Amino acid sequence: MTVAAGIGYALVALGPSLSLFVSVISKKPFLILTLLSSTLVWLISLILLSAIWRAFLPLNSTTWWPFAILIFTSVAFQEGLRLLFWRAYKRLEDILDAFADRVSKPRLYLTDKMQIALAGGLGHGVAHAVFFCLSLLTPAFGPATYFVDRCSQIPFFLVSAIIALAFVTIHTFSMVIAFNGYAEVNKVDQVFVPSVHLAAGMMTLINFASGGCVIGIPLLFLMAILTLMHCARMVWRRLTENQRRGNS
């Protein structure tokens, strides 16, 4: 492969995120700070998880259950961290609203809150892509590519980029759903996010089977589409309700 191929893999993983950053996040400095802080938080969490699991390496690559335990504990840890991240954001929101009241300015609009959640989710997704995809791409800039026996149909680097894209999508829009679920005490949204996260993580185990990537990758994108649809319905409902209250 060449430099062009390496850049192409990186754009597969992060191209949509870059578009979202340019079109939405970059227009507001506060969203940029939210994105950077979120990326840092999730990168640190992944580094801590890898340090904990390093004590149990190497895992037996012929059995799937140790990896299932690894995925379950990692998802549980990250979902707990997501709740802490929301509580930190909620405190900041209260401070900003109090400041707005003192200076006779409007409080944060619903769209502002959703954009903050979007920036936080994008930070989570970017951290995942950096940790699980971009960190592996250095050899992709060389003169050759790499295949694995269990997925000989697709280059390893392309598989990593495609999987990263699916998880970036899931993490980005799951944060919007989760923040709404916590704010409204909506049990459906609160359960949906960790369920999708865990299901998507477990689906990566399909790649251990011969040719499993041909099945696992479409299933991952099915979860990504499901997350997008749920997020779109939730956002439309909240905006419609907010508009009705404004008109009444």
Side-chain angles (χ1 to χ4, degrees), residues 12-28 30-32 34-35 37-39 41-42 75-76 78-90 92-93 108-129 132 162-204 217-246:
V12 167
L14 289 174
S17 300
L18 180 61
S19 299
L20 188 60
F21 174 82
V22 172
S23 61
V24 179
I25 308 300
S26 65
K27 300 183 184 302
K28 297 183 179 180
F30 187 74
L31 295 181
I32 297 176
T34 304
L35 169 65
S37 60
S38 176
T39 303
V41 166
W42 294 108
V75 169
Q78 290 189 57
E79 290 304 324
L81 185 59
R82 192 196 304 275
L83 179 58
L84 293 177
F85 187 77
W86 175 78
R87 287 180 176 174
Y89 154 75
K90 192 62 180 173
L92 181 60
E93 180 188 317
L108 288 173
Y109 296 111
L110 177 61
T111 51
D112 294 327
K113 298 176 182 180
M114 288 183 174
Q115 287 178 351
I116 291 171
L118 185 70
L122 185 60
H124 189 185
V126 169
H128 185 282
F132 290 104
I162 293 174
I163 291 176
L165 173 60
F167 274 102
V168 168
T169 305
I170 291 170
H171 289 321
T172 299
F173 295 99
S174 285
M175 194 71 78
V176 181
I177 298 169
F179 273 34
N180 178 75
Y182 298 144
E184 287 194 317
V185 196
N186 187 319
K187 296 298 183 182
V188 173
D189 288 345
Q190 291 179 8
V191 172
F192 178 87
V193 171
S195 298
V196 168
H197 191 179
L198 181 60
M202 290 301 180
M203 284 176 184
T204 61
I217 289 175
L219 288 177
L220 269 179
F221 276 91
L222 180 63
M223 300 305 295
I225 292 170
L226 180 64
T227 304
L228 275 170
M229 291 175 61
H230 187 89
C231 184
R233 284 201 303 269
M234 182 274 295
V235 169
W236 179 260
R237 176 179 61 81
R238 289 300 311 279
L239 291 176
T240 302
E241 291 174 354
N242 188 64
Q243 186 176 19
R244 287 174 180 169
R245 283 197 294 266

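All of these numbers come straight from a predicted model, not from anything done at the bench.
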* Residue pair M202, V75: steps toward the side-chain contact (heavy atoms from CB on, under 4.5 Å) verdict -> CA-CA 10 Å; M202 290 301 180; V75 169; over 6 Å; no
side-chain contact (heavy atoms from CB on, under 4.5 Å) between H124 and S174, worked out
CA-CA 10 Å; H124 189 185; S174 285; over 6 Å; no
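At distances below 3.5 Å, not a single donor-acceptor pair connects side-chain atoms of T39 with backbone N or O atoms of A127. In this structure, the side chain of S23 engages the main chain of S19 through a donor-acceptor pair within 3.5 Å.
We find the OG1-CD distance between T111 and Q115 to be 5.5 Å, quoted to the nearest 0.5 Å. Taken from OG1 in T34 to CG in L92, the straight-line distance is 7.5 Å, to the nearest 0.5 Å. Separation of atoms CE (M223) and CG (L198) is listed at 9.5 Å; rounding is to 0.5 Å. Here the CD atom belonging to E79 is positioned 6.0 Å from the NE2 atom belonging to H197, to the nearest 0.5 angstrom. Here the straight-line distance linking atom CG of L122 with atom OG of S17 works out to 5.0 Å at 0.5 Å rounding. Put simply, OH on Y89 and CD1 on I116 are 4.5 Å apart, with the number rounded to the nearest 0.5 Å.
Taking both residues in full, the closest heavy atoms of D189 and M234 are given as OD2-CG, 3.9 Å, listed atom of the first, atom of the second, then distance. Residue V235 comes nearest to M114 through the heavy atom pair CG1-SD, 3.8 Å, listed as atom of the first residue, atom of the second, then distance. Taking all atoms of both residues into account, the shortest heavy-atom contact from A119 to L31 is CB-O, 3.6 Å. The two residues M175 and G120 make their nearest non-hydrogen contact at CE-O, 3.7 Å. A pairwise comparison of heavy atoms in A178 and V193 identifies N-CG2, 3.7 Å as the closest pair. Here the closest non-hydrogen pair linking I32 and F21 is CG1-CE1, 4.3 Å.
Below 30°, between 30° and 60°, or above 60°: for W86 and Y182 the angle between ring planes is between 30° and 60°, a tilted geometry. In this pair, F85 and W42 present their aromatic rings tilted. The plane angle is within the 30 to 60° band.
Salt bridge annotation for E241-R244: absent, with no cationic side-chain nitrogen under 4.0 angstrom from a carboxylate oxygen.
More than 12 heavy atoms of other residues, nucleotides or ligands sit less than 6.0 Å from atom CZ of R237.
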Please tabulate, for the side chains in residues 162-173, all donor-acceptor contacts under 3.5 angstrom to protein atoms that are two or more places apart in sequence or on a different chain.
residue, atom, partner, partner atom, Å
T169, OG1, L165, O, 2.9
T172, OG1, V168, O, 2.7

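Among residue pairs with one or both ends in residues 114-127, none qualify as salt bridge (Lys or Arg N to Asp or Glu O under 4.0 Å); sequence neighbours excluded.
Taking F132 as the reference, L46, H128 meet the side chain to side chain contact (heavy atoms under 4.5 Å, CB included) condition, with sequence neighbours excluded.
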